[in-house]
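Worth knowing before you read on, the calculation uses all heavy atoms, side chains too, and leaves out hydrogens, waters and symmetry mates. All values reported here derive from a predicted model rather than from experimental measurement.
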Amino acid sequence: MKKNNEQESLFTKEQLLNSAKYKNRVDLLNVLLTDNKQYSLSEVDEQINKFMKRRV
């Protein structure tokens, strides 16, 4: 658990699209993430998991 004075780093959509961690999820991130907004890695992972677990 993080302490109150510790914050997760925030990244732009462009930074996340160019990251090695999400290189296999570029198309999905393009759909899920909004331009001009910043996301933490845990937020992105949560959105990906939520999308992948939804019913079709």
Side-chain angles (χ1 to χ4, degrees):
M1 188 171 195
K2 291 193 177 272
K3 296 179 182 175
N4 288 339
N5 61 352
E6 289 184 39
Q7 275 189 348
E8 285 189 84
S9 297
L10 298 176
F11 303 95
T12 64
K13 177 180 176 178
E14 189 68 29
Q15 288 174 310
L16 293 163
L17 291 175
N18 292 319
S19 71
K21 178 175 180 171
Y22 297 112
K23 71 179 181 178
N24 295 325
R25 301 279 189 184
V26 172
D27 291 336
L28 180 58
L29 292 181
N30 264 316
V31 172
L32 294 177
L33 304 181
T34 306
D35 293 333
N36 302 320
K37 186 176 176 189
Q38 293 185 327
Y39 301 90
S40 67
L41 296 180
S42 62
E43 285 177 307
V44 175
D45 290 338
E46 183 179 326
Q47 285 194 29
I48 290 172
N49 288 333
K50 189 175 178 181
F51 180 85
M52 297 304 283
K53 290 179 182 178
R54 72 183 187 138
R55 292 188 141 198
V56 259

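- More than 12 heavy atoms of other shown residues, nucleotides or ligands fall within 6.0 angstrom of atom CD in Q15.
- Around the NZ atom of K21, the shell of radius 6.0 Å holds more than 12 heavy atoms that belong to other residues, nucleotides or ligands.
- Going from atom CD of Q38 over to atom CD of E43 covers 10.0 Å, rounded to the nearest 0.5 Å.
- Nearest heavy-atom pair across V44 and Y39 is CG2-CB, 3.6 Å.
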- Test side-chain contact (heavy atoms from CB on, under 4.5 Å) applied to N36 and K13, step by step: CA-CA 7 Å; N36 302 320; K13 177 180 176 178; over 6 Å; no
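- Both F11 and V26 are members of a single hydrophobic cluster when ILVMFWY side chains are connected at heavy-atom separations under 4.5 Å.
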- Message: The test is side-chain contact (heavy atoms from CB on, under 4.5 Å); show your working for L16 and L41 and say whether it passes.
- Response: CA-CA 9 Å; L16 293 163; L41 296 180; 3.8 Å; yes
Only pairs under 3.5 Å count here: list side-chain donor-acceptor contacts from residues 47-56, not counting sequence neighbours, and write none if there are none.
unit_1, atom_1, unit_2, atom_2, d
N49, ND2, D45, O, 3.2

